[in-house]
Amino acid sequence: MNKMQLLDGKKTAEDIKSEIAVEVQKIKADGGKVPHLAAVIVGNDGASLTYVGSKVRSCQQIGFESTLVSMPDTISEDELLSKIKELNEDDNLDGFIVQLPLPKHIDEQKILMAIDPNKDVDGFHPANFGKMALEMETFLPATPFGIMQLLERYKVETSGKHTVVIGRSHIVGRPMSILMSRKGYPGDSTVTLTHSRTKNIEEFTKNADIIITALGVPNYLKADMVKDGVVIIDVGITRVPDDSNAKGYVITGDVDFENVSKKSSFITPVPGGVGPMTIAMLLKNTLLAREMRIAKNN
Ligand code: GUN
């Protein structure tokens with residue numbers, strides 16, 4: 001039987017936030033200006049409001065300045081673009097994010113392209129995505145960055161391992177496939193990127209040393225689809241209706257945790273795995289944005 005180890009994202013995220021809080025105290029002690037993050041939210045999607053709320057609360061928790069920009073879902077693309085221009089030019093701001101998804105009448109790509117790459121702490125601008133692929137220093141997208149941190153802090157072996165990524169989204173799957181194939185640690189993996197058109201996915205997952213699922217299908221990955229000793233990173237966070245819960249839903253991952261965990265060497269729980277890491281890494285990127293801005297101005 002494997003000895004399974006939990007990749008505790010909740011604890012690791014708290015550790016990282018404490019480390020950042022120490023940096024903020026140093027900045028204050030030196031009479032500096034603390035990092036400032038803004039989040040733009042368009043409309044009132046429940047999940048998006050929850051995420052953005054947590055991002056702002058975490059800023060307050062560690063001593064960052066934060067600004068929440070709420071816009072109705074009736075705004076035009078041009079109105080959102082002028083808000084972005086304003087944030088790009090705001091010297092009081094180190095970084096900002098535009099929470100996705102955006103309403104259908106707004107071209108997401110056009111919006112992301114309008115963000116100053118130096119303030120793009122989500123790492124979604126093509127200039128930053130390109131730098132990531134070319135192994136240059138930049139903002140890594142927060143969820144993939146969080147996964148890399150978990151692998152590193154738990155000393156999970158990745159070199160020469162077969163990593164199978166499920167899902168090719170621009171936010172998680174695609175960047176994850178790039179990061180795991182980059183030189184160095186964590187990385188140096190042999191990567192297979194699978195997606196909705198992949199045939200016989202289990203032929204890949206059964207041969208995987210590391211599986212990263214970002215699919216959004218509750219309990220999709222079953223024990224008979226993985227080998228003994230596998231490392232499991234579950235990025236799924238689907239709200240499944242549940243009347244016995246006060247919220248009326250439970251957050252459910254892509255992995256049949258109860259059974260898959262028995263075959264795993266390392267596994268992330270849901271909730272408490274990848275989710276909390278995402279916000280911690282956004283804060284880390286904001287701290288980096290501030291440092292890069294100061295370096296550039298000197
Ligand atoms: N929507 C889902 N994940 C993310 C994220 O990491 N950043 C932003 N801006 N929107 C998201």
Side-chain angles (χ1 to χ4, degrees), residues 36-60 64-90 92-129 139 141-144 146 167-175 196 214-218 235-242 245-252 254 271 274-276 278-279 281-283 285-286 289:
H36 182 186
L37 173 72
V40 180
I41 175 132
V42 181
N44 44 23
D45 173 68
S48 290
L49 285 169
T50 306
Y51 300 146
V52 169
S54 311
K55 288 170 185 179
V56 170
R57 248 193 332 277
S58 297
C59 281
Q60 289 158 356
F64 280 15
E65 201 182 330
S66 62
T67 301
L68 180 61
V69 181
S70 302
M71 305 181 90
D73 58 11
T74 49
I75 58 153
S76 66
E77 193 175 272
D78 279 345
E79 284 170 304
L80 183 53
L81 284 169
S82 26
K83 177 49 81 176
I84 287 171
K85 185 162 179 285
E86 193 184 299
L87 297 173
N88 282 342
E89 290 166 359
D90 184 349
N92 188 32
L93 193 63
D94 295 293
F96 67 97
I97 64 145
V98 178
Q99 187 65 28
L100 305 178
L102 290 168
K104 295 269 181 291
H105 67 278
I106 296 177
D107 182 347
E108 210 158 271
Q109 221 160 36
K110 202 165 164 185
I111 299 301
L112 295 179
M113 292 274 283
I115 299 174
D116 177 351
N118 295 309
K119 289 190 173 179
D120 170 39
V121 285
D122 256 336
F124 292 166
H125 190 284
N128 288 326
F129 204 92
F139 306 114
T143 301
R168 57 180 159 180
S169 73
H170 294 171
I171 296 181
V172 184
R174 184 72 52 76
S196 52
L215 201 62
V217 178
V235 191
I237 41 162
T238 309
R239 292 181 172 195
V240 175
D242 181 353
N245 193 293
K247 284 181 176 158
Y249 63 84
V250 279
I251 298 291
T252 308
D254 290 346
V274 174
T278 298
I279 292 181
M281 303 327 286
L282 176 66
L283 302 172
N285 278 342
T286 306

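Side chains are part of it too, since the values below use all heavy atoms of this structure and drop only hydrogens, waters and symmetry mates. The first residue in the sequence is number 1, and the count goes up from there.
- Under the side-chain contact (heavy atoms from CB on, under 4.5 Å) criterion, P241 pairs with no residue, sequence neighbours left out.
- The neighbour count for Q60 CD, taken as heavy atoms of other residues, nucleotides or ligands under 6.0 Å away, is above 12.
- With hydrogens and angles disregarded, a donor-acceptor distance shorter than 3.5 Å links the side chain of E108 to the backbone of L102.
- Looking at heavy atoms from C-beta onward, D254 lies out of side-chain contact with V235 at the 4.5 angstrom threshold.
- In this structure E86 satisfies the side-chain contact (heavy atoms from CB on, under 4.5 Å) test together with K83, sequence neighbours excluded.
- Distance alone, capped at 3.5 Å, is enough to place a donor-acceptor pair between the N128 side chain and the P117 backbone.
- Atom CD of E79 and atom CE of M71 lie 6.5 Å apart (nearest 0.5 Å).
- Residue F96 holds its CZ atom at 10.0 Å from CG of D122, rounded to the nearest 0.5 Å.
- Residues forming a side-chain contact (heavy atoms from CB on, under 4.5 Å) with K85 (at least two apart in sequence, or on another chain): E89.
- Put simply, CG on L80 and CD1 on I111 are 4.0 Å apart, with the number rounded to the nearest 0.5 Å.
- Taking the side chain as every heavy atom from C-beta outward, V40 and Q99 never approach each other to under 4.5 Å.
- Of the inter-residue distances, the one linking I97 atom CD1 with F124 atom CZ reads 8.0 Å to the nearest 0.5 angstrom.
- Among residue pairs with one or both ends in residues 40-60, none qualify as salt bridge (charged side-chain N to carboxylate O under 4.0 Å, His left out); sequence neighbours excluded.
- Using a 3.5 Å distance cut-off with no hydrogens or angles, the side chains of T252 and T238 do not pair a donor with an acceptor.
- Sequence neighbours left out, the pairs with a member in residues 65-74 that pass side-chain hydrogen bond (donor to acceptor under 3.5 Å, both in side chains) are H36-T67.
- Between atom CG of residue L87 and atom CG of residue L93 there is a gap of 6.0 Å, rounded to the nearest 0.5 Å.
- Side-chain N or O atoms of D242 include none that pairs as donor or acceptor with a backbone N or O of V250 at under 3.5 Å.
- Distance alone, capped at 3.5 Å, is enough to place a donor-acceptor pair between the E77 side chain and the D107 backbone.
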**Request:** For the pair I84 and I115, evaluate side chain to side chain contact (heavy atoms under 4.5 Å, CB included) and give the outcome as yes or no after the intermediate values.
**Result:** CA-CA 6 Å; I84 287 171; I115 299 174; 4.2 Å; yes

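- D116 meets the side-chain contact (heavy atoms from CB on, under 4.5 Å) test with N88, N118, K119; sequence neighbours excluded.
- Around the CG atom of N44, the shell of radius 6.0 Å holds no more than 12 heavy atoms that belong to other residues, nucleotides or ligands.
- Atom-to-atom distance recorded for F139:CZ and T286:OG1 is 8.0 Å, nearest 0.5 angstrom.
- Between Y51 and I237, some side-chain heavy-atom pair lies under the 4.5 Å cut-off.
- Here the side chain of S82 pairs a donor or acceptor atom with the backbone of D78 at under 3.5 angstrom.
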